[in-house]
Amino acid sequence: MKSQTLGKASAPRRRKSLLSMGAEFPTTTYVGIAICAFLLLLAAWTIVARLGLVQPIFLPSPLAVVAKLIKLAQDGTLGSDVAISVYRISIGFLIASVMALATAILIGAYRFWEAAIEPILDFVRYMPVVAFVPLSILWSGTSDPQKFLIIWIGTYFQQALMFKDNIKRVPADFVGFGRTLGMSDLRVLMRIVVPSAMPQIWDTLRISLGWAWTWVTLAELVAANSGLGYRITVAQRYLQTDMAIGYILVLGVLGLATDQIMRFLGRQFFKYEKRS
Amino acid sequence: MAQHPKLSISGLNKSFRNGQVKVLSDINLEVADNEFVSLVGASGCGKSTLLAIIAGLQESDNGEVLVDGAPISGPGIDRGVVFQSYTLLPWLTAQQNVEFALRETRHDPKEIADIARRHIELVKLTRFADAFPSQLSGGMKQRVAIARALSYRPKILLMDEPFGALDALTRGQMQELLMQIWQEHKLTVIFVTHDVSEAVYLSDRIFVMGLNPGRIKETIPVPFARPRASEEGRDPELLELQARVLRSIREETAGHDVH
Ligand SMILES: Nc1ncnc2c1ncn2[C@@H]1O[C@H](COP(=O)(O)OP(=O)(O)O)[C@@H](O)[C@H]1O
Ligand SMILES: [Mg+2]
């Protein structure tokens, strides 16, 4: 009897702990909180716009933004803008990633190349990407290669250093194991070290892909006649604030979606990491 | 031609940082075919370094390491290693991990699956052949590592505290299994441990290593019949020997500040 009342008494205490540090609750509760926060933000935006606190030319209502996006989707503008930006980020990111991985393997495994290359990477990494924009236009005009170049500058240097870190974290005994089988250094590297680091490398790819969205947008903002970034500059020129905000939201959704896709693929590829 | 010992080390020295830190000093030892020897000694006395040199994974400053009378040049498949840390490839199943070693050591592709299966059976893991390392306990992982190291038939098996990370119960089971395999397959084993009772249970001879610099301080034969009782039920003579090994190690650390 007594223990039953005790059990009941502990229930309200658990509810109170929703706001306490390190509190645990079911995923449904988590999602619920997230949706509520989103709706709250949307409601605040709607109220500000509706009450006319800010002129529509500066802040159109959410409904106006959505309506504009639907219109742009119907006439094909949105689709072609997304397609061209996705194309640019794909190529630029692919080139940067392949080059960064090759560099990382080289400097992660060979002290000589580490000494020769890493200080340069470290130095360039601290140069602001935006400062390269004028140069990139000078070197490669305003067509697609300039977009690839900006994406490359923005991601390659960071990726190479992060990949190197991923590779260095593979325990030395893995290398020792490969050597006791009589494997050559190159073979140990390609058959043991790099595959061992793959889950971490994938994570680095996912994170750097997020940054690449920023760089493609930047490149399109300054010099382009197509793409999501370009359309935002057009919106500014013609005071189409609804379009600018709509496109920023689209960029946010695209970034979030690619991140989720990368996470999903990672879970599929690296199933072996899960204990079950 | 005279019969060579399986392994022979003479006049071996090793230091780190351009000779500033002397780790191994004038190591001389021989291990016979089918012999099981242990290296024991205080932590930091150079057991792992010596084993890595025998494996060919580290270079000594001077001295000779001979396997069947021939000097070693780097690592080779005549010496198999079981590391203390888990070195199973995480994206391969237990079976595939053994197959990996067989493929890299250029076994006949038609036989690889079968040899691997038999070695998984040898370490009593047939039920877990298709499990990934993340799904195996520490003891199971080390069993796969043993199966993998044995699969390509090295002449010498080198083991660096392979059971060091396991709980006492699992460690006991692993020792028993290793003994069975050693007796059935007539292996030559060099086993590094800091667990004296483990060394006494497993070895034909125990090399006690001294500290600062690391050297072979004493060679203690373990002349007891097998199978030996593990832990409980050991007769007084065996316990006496165990105490002697322990004393020998303690003498080394007594002068030093060891917590
Ligand atoms: N790469 C290295 N550089 C410098 N000192 C090292 C290196 N590897 C090992 N040592 C030193 O050599 C000594 C012996 O190490 P180790 O062989 O790991 O001892 P044990 O396995 O007996 O505990 C230790 O004092 C350790 O600090
Ligand atoms: Mg050690």
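These values consider heavy atoms only, across backbone and side chains, with no hydrogens, waters or symmetry-generated copies. As the structure is a computational prediction, the values presented were derived from the model and not from experiment. Letters A, B, ... mirror the listed sequences (proteins, then strands); counts begin at 1.
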Next item on the list: Pull out the residues in residues 165-202 of chain A that come under 4.5 Å of chain B, heavy atom to heavy atom, sorted by number.
Entry: A:D173, A:F174, A:G176, A:F177, A:R179, A:T180, A:L181, A:G182, A:M183, A:R187, A:R191, A:I192, A:P195, A:S196

Notebook entry, point to check: A:Q159 and A:T204: side-chain donor and acceptor closer than 3.5 Å?
Noted result: no

Next item on the list: Determine whether the aromatic ring centres of A:F148 and A:W152 lie less than 6.0 Å apart.
Entry: no

Item checked: Backbone of A:S136 reached by a side-chain donor or acceptor of A:S140 within 3.5 Å -> yes

Notebook entry, point to check: Will you find, in the side chains of B:T193 and B:E161, an N or O donor that is under 3.5 Å from an N or O acceptor?
Noted result: no

Checklist line | Electrostatic pair A:R206-A:D203, nearest N-O below 4.0 angstrom | finding: yes

Notebook entry, point to check: Is B:E30 salt-bridged to B:K6, going by a charged N under 4.0 Å from an acidic O?
Noted result: no

Check: OG/B:S25 to NZ/B:K14 distance, rounded to the nearest 0.5 angstrom?
Finding: 14.0 Å

Margin query: Quick test of your reading of the model: are B:R118 and B:E121 salt-bridged, counting only N-O distances below 4.0 Å?
Written below: no

Check: To the nearest 0.5 Å, how far apart are CD in B:E198 and CE in B:M174?
Finding: 10.0 Å

Notebook entry, point to check: By a 4.5 Å heavy-atom criterion (distance strictly below it), what part of B:Y152 contacts chain A: side chain, backbone, both, or neither?
Noted result: side chain

Notebook entry, point to check: Just by distance, do the side chain of B:R143 and the backbone of B:V123 share a donor-acceptor pair under 3.5 Å?
Noted result: yes

Item checked: Nearest-0.5 Å distance, CG of residue B:L178 to CG of residue B:L187 -> 8.0 Å

Item checked: Distance, nearest 0.5 Å, that separates CE of B:M159 from CD of B:Q142 -> 8.0 Å

Check: For B:H194, does the NE2 atom sit with more than 12 other heavy atoms under 6.0 Å from it, leaving out its own atoms?
Finding: no

Checklist line | Inter-residue atom distance A:I95.CD1 - A:I91.CD1, 0.5 Å rounding | finding: 6.5 Å

Checklist line | NZ/B:K186: more than 12 non-hydrogen atoms of other groups inside 6.0 Å | finding: yes

Next item on the list: Take B:V37 and B:F191, measure what side chain to side chain contact (heavy atoms under 4.5 Å, CB included) needs, and give me the verdict at the end.
Entry: CA-CA 6 Å; B:V37 299; B:F191 191 95; over 6 Å; no

Note to self: Under a 3.5 Å cutoff, is there a donor and acceptor pairing between the side chains of B:Q180 and B:K124?
What the structure shows: yes

Notebook entry, point to check: Which of the residues B:Y86, B:F132, B:F83 is involved in the greatest number of heavy-atom pairs with chain A at under 4.5 angstrom?
Noted result: B:F83

Check: By number, which residues in residues 41-64 of chain B have some heavy atom less than 4.5 Å away from chain A?
Finding: B:L57

Next item on the list: Hey, could you give me the CG/NZ distance between A:L101 and A:K164, rounded to the nearest 0.5 Å?
Entry: 14.5 Å

Margin query: Using only non-hydrogen atoms and a strict under-4.5 angstrom cutoff, which residues of residues 88-95 of chain B touch chain A?
Written below: B:L88, B:L89, B:P90, B:W91

Notebook entry, point to check: Are there residues of residues 22-34 of chain A that reach to under 4.5 Å of chain B by heavy atoms, and which ones?
Noted result: none

Checklist line | chain A contact via B:R106 - side chain, backbone, both or neither, heavy atoms under 4.5 Å | finding: neither

